[in-house]
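Fair warning: this is a prediction, and the values are worked out from it, not measured in the lab.
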Amino acid sequence: MVKNDTYFMKFALSQAKLAKENNEVPVGAVVVYENNIISRAHNMVELLNDSTAHAEILAITSASDYLNSKYLQGCTLYTTLEPCIMCYGAIYWSKISRIVYAVDDPEKGYKSQKIQLDKKIQEKSGVLELESKDLIDKFFKKLRN
């Protein structure tokens with residue numbers, strides 16, 4: 001079995017589906033180290049009543065516990081939505097080497113902010129974009145109705 005970006009994003013997407021089932025904004029994330037998933041998480045903002053309980057933050061915390069290190073050099077974060085500025089800060093401080101995300105977030109994503117991005121962090125977007133966008137769009141459509 002080939003473990004590539006699509007392979008790992010499918011796991012992040014499964015986490016996003018769990019979030020949706022729990023009436024959370026459907027965002028999921030996994031952290032990969034040496035071609036293995038070492039953590040997975042989904043948004044838990046409502047459940048924990050914590051505005052910082054984003055999938056990316058929870059996945060980073062879990063990965064740090066797994067590696068027993070505050071730094072996640074050599075790790076890739078896969079997430080179904082472009083991380084917000086708070087999550088980008090956590091990515092920066094944890095020294096994650098690479099971000100792969102599915103859907104751009106032109107309103108709240110880190111790229112829409114007027115900040116100096118870390119050129120050392122590799123980025124890739126658009127992996128399983130249609131599936132992730134469909135999940136998010138259906139969630140917010142249902143919420144509005």
Asker: How about NZ on Lys133, more than 12 heavy atoms from neighbouring residues, nucleotides or ligands closer than 6.0 Å, or not?
Answerer: no
Asker: Mark yes when over 12 heavy atoms from residues, nucleotides or ligands other than Asn68 sit less than 6.0 Å from its CG; otherwise mark no.
Answerer: no
Asker: Under 3.5 Å, side chain of Asp118 to main-chain N/O of Lys120, donor-acceptor pair present?
Answerer: yes
Asker: Less than 4.5 Å apart, any side-chain heavy atom of Pro26 and any of Thr80?
Answerer: no
Asker: Any heavy-atom pair between the side chains of His42 and Asn22 that's under 4.5 Å?
Answerer: yes
Asker: Will you find, in the side chains of Glu123 and Tyr110, an N or O donor that is under 3.5 Å from an N or O acceptor?
Answerer: yes
Asker: Going by the rule side chain to side chain donor-acceptor pair (under 3.5 Å), which residues pair with Asp134 if we only count those two or more places apart in sequence or in a different chain?
Answerer: Lys138
Asker: What I'd like to find out is whether the side chain of Ile57 reaches to under 4.5 Å of the side chain of Cys87, using heavy atoms alone.
Answerer: yes
Asker: Flag the pair Tyr88 / Ile121 as yes when at least one side-chain heavy-atom distance between them is below 4.5 Å, and no otherwise.
Answerer: yes
Asker: Given side-chain contact (heavy atoms from CB on, under 4.5 Å), test Asp104 with Ser125 step by step and report yes or no.
Answerer: CA-CA 7 Å; Asp104 289 324; Ser125 63; 4.2 Å; yes
Asker: Give a yes or no on whether the backbone of Lys111 and the side-chain of Glu82 come within a donor-acceptor separation of less than 3.5 Å.
Answerer: yes
Asker: Looking at Asn49, I'd like to know if its CG atom is crowded, meaning that more than 12 non-hydrogen atoms belonging to other residues, nucleotides or ligands lie closer than 6.0 Å.
Answerer: no
Asker: For Leu47, check side-chain contact (heavy atoms from CB on, under 4.5 Å) against everything at least two apart and list the hits.
Answerer: Glu24, Met44
Asker: Less than 4.5 Å apart, any side-chain heavy atom of Asn23 and any of Glu46?
Answerer: no
Asker: Do Asn35 and Phe8 have side chains that get closer than 4.5 Å, going by heavy atoms?
Answerer: yes
Asker: Apart from Val103 itself, which Ile, Leu, Val, Met, Phe, Trp or Tyr residues share its cluster (side-chain heavy atoms under 4.5 Å, direct or through members)?
Answerer: Val25, Val27, Leu81, Ile136, Phe139, Phe140, Leu143
Asker: Can you confirm whether Leu72 sits close enough to Ser64 that some side-chain heavy atom of one is under 4.5 Å from a side-chain heavy atom of the other?
Answerer: yes
Asker: Do Asp5 and Arg98 have side-chain heavy atoms sitting under 4.5 Å apart?
Answerer: yes
